[in-house]
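Following: one structure in structure tokens, then a few remarks.
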2 protein chains.
Amino acid sequence: MNSGPGLRERKKQRTRNALLRAALELFTTKGYEETTVDEIAEAVDVSQRTFFRYFANKQEAVFAVQEMVEARFVEVLRERPAHETPLVALREAVLGAWEAMGQSIEEVVPVELHMSTYQMIESTPSLLAVHMRRSIETEDEVARVIAEREGLDMETDPRPRVAVAAFSGVMRVTGRLWGAGEDTSLESIRELTGQYLDHLGPALAQDWHTR
Amino acid sequence: MNSGPGLRERKKQRTRNALLRAALELFTTKGYEETTVDEIAEAVDVSQRTFFRYFANKQEAVFAVQEMVEARFVEVLRERPAHETPLVALREAVLGAWEAMGQSIEEVVPVELHMSTYQMIESTPSLLAVHMRRSIETEDEVARVIAEREGLDMETDPRPRVAVAAFSGVMRVTGRLWGAGEDTSLESIRELTGQYLDHLGPALAQDWHTR
DNA sequence: TTGTCAACTGTCAGTCGCTGTCACTAATCT
DNA sequence: AGATTAGTGACAGCGACTGACAGTTGACAA
């Protein structure tokens with residue numbers, strides 16, 4: 001008889017969002033390593049223990065939003081028309097995911113804050129490390145989607161993995177260069193991505209089924 | 001009048017090697033997270049503080065040998081004949097570096113232990129993360145070497161970075177698959193690498209200067 | 001040989017990330 | 001309303017890591 005989630009659920013969501021936002025705010029202003037979990041908890045006025053009930057560790061807070069974006073990317077990729085070559089589909093999916101991000105993320109955290117977070121990740125060694133690991137975990141899933149699209153068996157045919165690995169490599173380079181640059185706009189990273197992928201395209205875009 | 005390094009230097013080297021070996025031995029047998037720095041120090045009979053004077057952190061001990069291999073890889077790459085295409089040079093350099101490894105590593109740590117370490121890295125999330133980060137740091141240096149070989153300016157021409165990124169992506173996939181497999185031999189990883197790179201080869205091997 | 005200096009080390013105290021436990025409160029179910 | 005269960009705070013404890021200080025020991029000159 002109740003519309004939507006109950007009071008308890010809403011309260012939980014509010015606490016989580018408050019923690020997330022406070023964490024990102026602190027991380028991006030005074031630095032990740034320099035921010036203690038105690039400070040985050042204090043900013044939201046909960047105990048340190050509560051923070052760890054919402055996030056398994058300090059890092060998890062950093063990547064909570066990225067998580068959403070990645071999930072969205074895979075989702076968009078699955079929806080790409082079957083006639084597109086793997087690389088084209090991948091390319092359009094990334095650009096599409098960033099497009100959609102603007103709308104869906106804002107509810108949790110300002111996009112501006114998310115972009116700052118991304119740059120912080122790129123410039124914080126320990127976070128960059130986790131970012132990389134997360135990437136390869138996604139990579140496997142993406143390779144599976146590609147293999148499916150092309151009707152190939154991923155276990156016997158290395159091409160899906162190889163192509164996705166190459167694609168991901170390029171994605172990381174662009175992310176890194178963007179993070180090191182000045183222009184923090186969403187537009188600039190989309191442009192850079194497109195440009196870099198275009199260089200890989202001619203090399204990998206030929207149809208796998210004609211040879 | 002004295003041949004070689006002094007007593008102090010030798011003693012230092014011995015302590016470091018002992019720590020390194022004890023650490024890897026413990027890591028690979030009882031697991032990385034399950035091994036405390038205290039245990040490592042105790043195994044070598046020094047204080048915990050001394051361990052941290054040789055290694056900035058627990059992870060650094062894990063990657064000490066990898067560091068040598070990577071340095072060797074870059075070295076071999078620089079020596080590859082100029083007429084080879086970038087991808088061929090990269091390919092031969094990896095295989096060559098592993099070849100040379102057998103000889104140069106044994107002085108510090110048994111090769112067998114090093115291979116186990118590699119597999120442990122692949123199966124330990126926090127270590128895999130660091131491994132990834134280290135990879136991209138090497139990537140930049142490798143891209144520089146490639147750009148130099150081809151007489152290109154890395155700042156204006158994205159191709160060196162893109163090619164190296166794609167190459168590195170494939171390298172990581174092979175390393176991951178090898179780590180997950182059964183065959184722990186040096187030979188098996190070399191074979192897997194060659195095989196996987198062959199799939200990227202046809203796509204990226206064309207000479208950059210003819211078009 | 002001896003004394004001085006600098007490098008290397010051990011000890012101790014302390015911070016921070018993270019986990020387990022337990023008791024208490026408040027939302028949900030019956 | 002009473003029982004159940006989720007969410008929380010307080011506290012204790014572990015392990016990685018750091019800073020400060022003092023003791024020891026090679027290196028090197030007098």
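Residue numbers start from 1 in every chain, and the chains themselves are labelled A, B, ... in the order their sequence lines are given, proteins ahead of strands.
The side-chain hydrogen bond (donor to acceptor under 3.5 Å, both in side chains) search around Glu60(B) returns none, not counting sequence neighbours. Here Phe51(B) pairs with Phe55(B) under the ring pair (Phe, Tyr, Trp, His ring centres under 6.0 Å) rule; sequence neighbours left out. With sequence neighbours excluded, no residue satisfies side-chain hydrogen bond (donor to acceptor under 3.5 Å, both in side chains) with Gln195(B). With sequence neighbours left out, the side-chain hydrogen bond (donor to acceptor under 3.5 Å, both in side chains) criterion links Thr184(A) to no other residue.
Applying the salt bridge (charged side-chain N to carboxylate O under 4.0 Å, His left out) definition to pairs two or more places apart or across chains, those involving residues 91-102 of chain B are Arg91(B)-Asp198(B), Glu99(B)-Arg190(B). The salt bridge (charged side-chain N to carboxylate O under 4.0 Å, His left out) contacts involving residues 115-132 of chain A comprise nothing, where partners must be two or more places apart or lie in separate chains.
With rounding to the nearest 0.5 Å, the separation of OG1 in Thr174(A) from CD in Glu191(A) is 12.5 Å. How far CE of Met132(B) is from OG of Ser168(B): 9.5 Å, rounded to the nearest 0.5 Å.
Between the side chain of Arg172(B) and the backbone N or O of Ile136(A) there is no donor-acceptor pair closer than 3.5 Å. A donor-acceptor contact shorter than 3.5 Å is absent between the side chain of Arg72(B) and the backbone of Trp98(B). Side-chain N or O atoms of Trp178(B) include one that pairs as donor or acceptor with a backbone N or O of Asp183(B) at under 3.5 Å. Arg149(B) places a side-chain N or O within donor-acceptor distance of the main-chain N or O of Pro81(B), the cut-off being under 3.5 Å.
The distance between atom CG of Asp45(B) and atom P of dT9(C), rounded to the nearest whole Å, is 13 Å. The distance from atom CZ of Phe52(A) to atom P of dC16(C) is 13 Å, rounded to the nearest whole Å. One atom, CD of Gln13(B), and another, P of dA7(C), lie 18 Å apart when rounded to the nearest Å. In this entry the distance linking CZ of Arg14(B) with P of dT9(C) reads 12 Å, nearest Å. Rounded to whole Å, atom P of dT11(C) lies 12 Å from atom CD of Glu42(B). Whole-Å rounding puts the Gln48(A) CD to dC16(C) P distance at 11 Å. The distance between atom NZ of Lys11(B) and atom P of dT9(C), rounded to the nearest whole Å, is 8 Å. Between Arg10(A) atom CZ and dA26(C) atom P there is a gap of 17 Å when expressed in whole angstrom units.
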Side-chain donor/acceptor pairs under 3.5 Å, residues 22-30 of chain A, sequence neighbours excluded:
{"from": "Thr28(A)", "atom 1": "OG1", "to": "Leu24(A)", "atom 2": "O", "distance (Å)": "2.8"}
{"from": "Thr28(A)", "atom 1": "OG1", "to": "Glu25(A)", "atom 2": "O", "distance (Å)": "3.1"}
{"from": "Thr29(A)", "atom 1": "OG1", "to": "Glu25(A)", "atom 2": "O", "distance (Å)": "2.8"}
{"from": "Thr29(A)", "atom 1": "OG1", "to": "Leu26(A)", "atom 2": "O", "distance (Å)": "3.2"}
{"from": "Lys30(A)", "atom 1": "NZ", "to": "Glu39(A)", "atom 2": "OE1", "distance (Å)": "3.2"}
{"from": "Lys30(A)", "atom 1": "NZ", "to": "Glu39(A)", "atom 2": "OE2", "distance (Å)": "2.8"}

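The stretch residues 28-38 of chain B touches DNA chain D through Thr35(B), Thr36(B), Val37(B), each having a heavy atom under 4.0 angstrom from the strand. Sorted by residue number, the members of residues 57-68 of chain A with any non-hydrogen atom under 4.0 Å from DNA chain C read Asn57(A), Lys58(A).
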Please write out the pairs of protein N or O atoms and N or O atoms of nucleotides 22-24 of chain C separated by less than 3.5 Å, giving the distance to one decimal.
none

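A salt bridge links Glu137(B) to Arg133(B): at least one charged side-chain nitrogen sits closer than 4.0 Å to a carboxylate oxygen.
Tyr54(B) comes within 4.0 angstrom of sugar-phosphate atoms only, judged by non-hydrogen atoms across all strands, and of no base.
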Next item on the list: Apply side chain to side chain contact (heavy atoms under 4.5 Å, CB included) to the pair Thr117(A) and Val65(A), showing each step before the final yes or no.
Entry: CA-CA 9 Å; Thr117(A) 301; Val65(A) 181; over 6 Å; no

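When DNA chain D is scanned 5' to 3' for any atom under 4.0 Å from a heavy atom of chain A, the first and last hits are dT5(D) to dA10(D).
Counting heavy-atom neighbours within 6.0 Å of Glu182(A) CD, excluding the residue itself, gives a total of 12 or less.
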Notebook entry, point to check: So what does the secondary structure string of DNA chain C come out as, 5' to 3', with Watson-Crick or wobble pairs under 3.5 angstrom, [ ] for crossing and | for pairs with another strand?
Noted result: ||||||||||||||||||||||||||||||

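With DNA chain D read from its 5' end, the first of the two nearest nucleotides for Arg49(B) and Thr15(A) is the one closest to Thr15(A).
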